[in-house]
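Step one of this worksheet: look at the structure below.
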Amino acid sequence: MLTILPRHDLKALVQSVVPSSLQKSVAVPVSTRSAHPSATRPDGDGDRIASSRPSFTPHHANAHPTRPTLLLNSASDAFQLHPDVRFVWANTLLLLRRMVLAVTTSVDLGDGVVVKLREERDNESVPLRTGCRVWSCARLLSSWLASPAIASTFVRDRDVLELGAGVGAVGLTCAALGASSVTMTDRDPATLSLSHANAQINGHYSGVSPCDVSVIALDWDDVSSYLSDETNGYGLIVAADALYLPEHCASLPRAVAAHVAPGGVVVIACGLRRAGLLEELVAQLRECGLGDDLDVDGNALALRRDEGDDDAAVATASEHAHDGEQIAAAGGYVLITARVGEDWTPPSALSREAVREAKRAKEEEEEEESLDGGGGAVKKVRSAAPTAAAPAAASDDDDDDDDADILSEVNSDANSAMGDFLDEFAELDANDDDDDDDDARRRRFAANAASSDDDDDHHDAPEWPPYRVVVAASETATSSLDPATIAACVASLTINGFVVVEGNSDGGGGIVPDELAARAKDASATYLHELLANGVRDRRGLDPCADIFRYAEVCSRARGGRRYDVTAERRRAGAAGEGRGPASAAAAAAAAAAAWDALRVATDPFVTPILAASGLMSPDPDGGDGAGRSVVTAVGCVTSRPGAPAQRFHADGVKRGIVNVFVPLVHVTKLNGPTAFKRGSHAWDHDAAYLDARQRKLREDAEEIAPELARGSLLMYDYAVVHAGGGNGGDADRPLAYVMHSRAGVEDTWNFPDESVWD
């Protein structure tokens, strides 16, 4: 069952945000069809699953004069409407894209055994939280475990631990197949909530369930969150589709080794997406002592494409390019099994005593740092009944406020979302605090920054510094910042999470010379054209305007996003800008890399002292062992084309020590889509296993700032700050060049894969 926005609500939405004089220019949505062949199909209960993304087509001049029935296919089609509708329509689509859809699906294990699952889907082709839905690899592993021989040997009467459980598909499959107990773990509060809800849906909190089901937070990288100090280990450990990042290759085997019981079995199913990760995972499993009886099978799991969309795994894989298509291109699915002997003991660093010591150290640290009695870890939830310690998805009798935090359905959230949208829309022309006297602000916050190193009041009620710092003409001319200017920039970067550094308005507001910005704009546009036309379209056979693709040189991470991230090839041998592909593409790559490097050279005198004073590049989070040195790990350009919808709020990464520097190559206005930031969000614990009500409230109420930018100015932001690129309602590209600065040894390992578009 998929909750969708009814036709009359969509009509009301359009009428609410489009001026009445222009409403005749907008077609009224009358369906939620999609051109994708898998957008509507039967689900396991016989209902119809519609596309999670409403589809619209333009109201053409030859449509019925009194009964418009055609719809807009994408934001770009809105440009065939009245020009004044463009910006309003882009914001309407942003509202629709923010809605979360609650979907009920199922895993059929045969012989009448069905596991029902609730999942969350964003109005995005690539969800914000990948763990909140069932992926094809989990379906394949569940089917493999359900075969009678496997179920009786590996599952029945065993204590099972699922690592990276997501919605709990594999864990609940084991419960249905006769496991004695199942413990489902993850580190994301949203997935923990869904796992708990799904355990309840399948009757494991009824008091009569034969399987004891638990849901608990566990972070593979945090030994203090491990459970092995409380148990004698687990007879079966399962993990599905848990290999996304290089760091998982080491952290997953450690978590496995710490929890497997003597004589236990480990089953890991992987959908391959990146070259080299499987080999590294296997090597790390062996390093942890799990290699004596280890098997890697590339044939055990496979999509039964001959059965078409009637096969649930095939249908699931077809919904997302980075699920089915990317896995198929990188090598398919692999099943790893390992058995340990009856005399098994984990490595000393992962022993029961080591885990207990880590917990004691964590408790002592929390006691020392406890300033406000913030939220603690999620406690284990047993199947006897939901408790207050459970993630807030346990019961239909919960308060409305708790329900809102569980599974947001479109109809229940529509009114509040509309209210928020209208408030934001009404405030679009509101002035910010940029009219303050710049020198006075700079002096005030320079003093604050110098005296607030040990001021813990920022945790409760931060005094937000101005996020816009104006550099004096003399500083721009000499490419040298005064100490007060540096302090003001540091205050905003470290407290707000971002800072706009711009020149005096009399000089146009830019710091980078206009000729360098113009050169980078032209070179970026030429290279992007080569990549999209000759690479993505001709070489790969993809639609650059509609498809999702991720290559070493260019990425488009949302279907129909019309937003392209182009970068120099960072992890390949050879000099920067050494292009591949046809001669025209190689020449364009070299020209773009040279133009981006020129921007780096021009911005370094301003950026380097700010980073040095911020302490963000220091190996010590407290800056105790020096300011540290930053290295440039990437240069490139993000281009938003006309009609590009706004992004969902997200953080580029969670590692400390990466700061991105945007250099706008055109003026960025409210029309062509400034980037919005959630003030102070870089300080949030993005890996927190659970958020208490206070922490959720702080995040919900976080102020959103979307600064307009002058061409050639600088926008510096912490990689962990939560942000969203705005929708481009203009009629021209909006290119933002960037220079990524990282602390030594830290690198973005996810946003760009190794595979070249020219391979």
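This structure is a prediction, so every number in the text was calculated from the model and none was measured. Residues take their numbers from the sequence shown, with the count starting at 1.
With sequence neighbours excluded, no residue forms a side-chain contact (heavy atoms from CB on, under 4.5 Å) with Ala525. Scored by the side-chain hydrogen bond (donor to acceptor under 3.5 Å, both in side chains) test, Ser584 finds Glu530 as partners (sequence neighbours excluded). A search for ring-ring contact (aromatic ring centres under 6.0 Å, His included) contacts involving Tyr564 returns nothing, not counting sequence neighbours. A search for side-chain hydrogen bond (donor to acceptor under 3.5 Å, both in side chains) contacts involving Ser524 returns Trp596, not counting sequence neighbours. The side-chain contact (heavy atoms from CB on, under 4.5 Å) search around Asn672 returns Val666, Val668, Thr669, Asn728, Arg734, not counting sequence neighbours. For Ala594, the side-chain contact (heavy atoms from CB on, under 4.5 Å) partners at least two apart in sequence or on another chain are Arg519. For Lys678, the side-chain hydrogen bond (donor to acceptor under 3.5 Å, both in side chains) partners at least two apart in sequence or on another chain are Glu704. Listed by chain and number, the residues in a ring-ring contact (aromatic ring centres under 6.0 Å, His included) with His682 amount to none (sequence neighbours excluded).
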Could you give the side-chain donor-acceptor pairs of residues 639-646 under 3.5 Å, partners two or more places apart or in another chain?
{"from": "Arg641", "atom 1": "NE", "to": "Asp733", "atom 2": "OD1", "distance (Å)": "3.4"}
{"from": "Arg641", "atom 1": "NE", "to": "Asp733", "atom 2": "OD2", "distance (Å)": "3.3"}

Distance-only donor-acceptor hits, side chain of residues 488-500, under 3.5 Å, sequence neighbours excluded:
{"from": "Ser492", "atom 1": "OG", "to": "Asn496", "atom 2": "ND2", "distance (Å)": "2.9"}
{"from": "Ser492", "atom 1": "OG", "to": "Phe498", "atom 2": "O", "distance (Å)": "2.5"}
{"from": "Thr494", "atom 1": "OG1", "to": "Val490", "atom 2": "O", "distance (Å)": "2.6"}
{"from": "Asn496", "atom 1": "OD1", "to": "Arg679", "atom 2": "NE", "distance (Å)": "2.8"}
{"from": "Asn496", "atom 1": "ND2", "to": "Pro465", "atom 2": "O", "distance (Å)": "2.9"}

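With values rounded to the nearest 0.5 angstrom, Phe549 atom CZ is found 9.0 Å from Leu531 atom CG. Taken to the nearest 0.5 Å, the CG atom of Asp565 stands 15.0 Å off from the OH atom of Tyr551. In this structure, CG in Leu736 is found 8.0 Å from CG in Leu715, a value given to the nearest 0.5 Å. Arg468 CZ to Ile705 CD1: the interatomic distance, rounded to the nearest 0.5 Å, is 10.0 Å. To the nearest 0.5 Å, atom CG of residue Asp547 and atom OG of residue Ser556 are 8.5 Å apart. Atom CZ in Phe662 sits 5.5 Å away from atom OG1 in Thr675 (nearest 0.5 Å).
A salt bridge (Lys or Arg N to Asp or Glu O under 4.0 Å) check over residues 532-543, counting only residues at least two apart or in different chains, returns the pairs Arg540-Glu755. The salt bridge (Lys or Arg N to Asp or Glu O under 4.0 Å) contacts involving residues 595-609 comprise Asp597-Arg600, Arg600-Asp604, where partners must be two or more places apart or lie in separate chains.
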Phe606 and Leu714: CA distance, side-chain angles, deciding distance, side chain to side chain contact (heavy atoms under 4.5 Å, CB included) verdict
CA-CA 9 Å; Phe606 303 96; Leu714 307 182; 4.1 Å; yes
Please test Leu528 against Cys637 for side chain to side chain contact (heavy atoms under 4.5 Å, CB included), starting from the C-alpha separation and ending with a verdict.
CA-CA 9 Å; Leu528 177 61; Cys637 184; over 6 Å; no
Between Asp514 and Arg711, is the side chain to side chain contact (heavy atoms under 4.5 Å, CB included) condition met? List the steps.
CA-CA 8 Å; Asp514 286 345; Arg711 180 181 61 191; 3.6 Å; yes
Residues Arg699, Ser681; criterion side chain to side chain contact (heavy atoms under 4.5 Å, CB included); working and verdict:
CA-CA 8 Å; Arg699 297 192 181 197; Ser681 57; over 6 Å; no
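The closest side-chain heavy-atom distance from Val638 to Tyr738 is below 4.5 Å. Annotation: side chain of Val536 is in contact with side chain of Val757 (closest heavy-atom distance under 4.5 Å). With contacts defined as side-chain heavy-atom distances shorter than 4.5 Å, the pair Met740/Ile658 qualifies. Side-chain atoms of Leu599 and Leu665, non-hydrogen and from C-beta on, do get closer than 4.5 Å to each other.
Here the closest heavy-atom approach between residue Gly503 and residue Ile511 is recorded as N-CG1, 3.8 Å. Across all non-hydrogen atoms, the minimal contact from Leu611 to Ser630 is CD1-OG, 3.8 Å. Of all heavy-atom pairs spanning Ser479 and Pro605, the tightest one is O-CB, 3.2 Å. Across all non-hydrogen atoms, the minimal contact from Tyr527 to Thr567 is CE2-O, 4.4 Å. Contact detail for Val722 and Phe649: the closest heavy-atom pair is CG1-CB, 3.7 Å. Contact detail for Cys132 and Ala190: the closest heavy-atom pair is SG-CB, 3.8 Å.
Within the 3.5 Å criterion, the main-chain N or O of Val566 finds no donor-acceptor partner in the side chain of Glu553.
The distance between the ring centers of Tyr717 and His723 falls below 6.0 angstrom.
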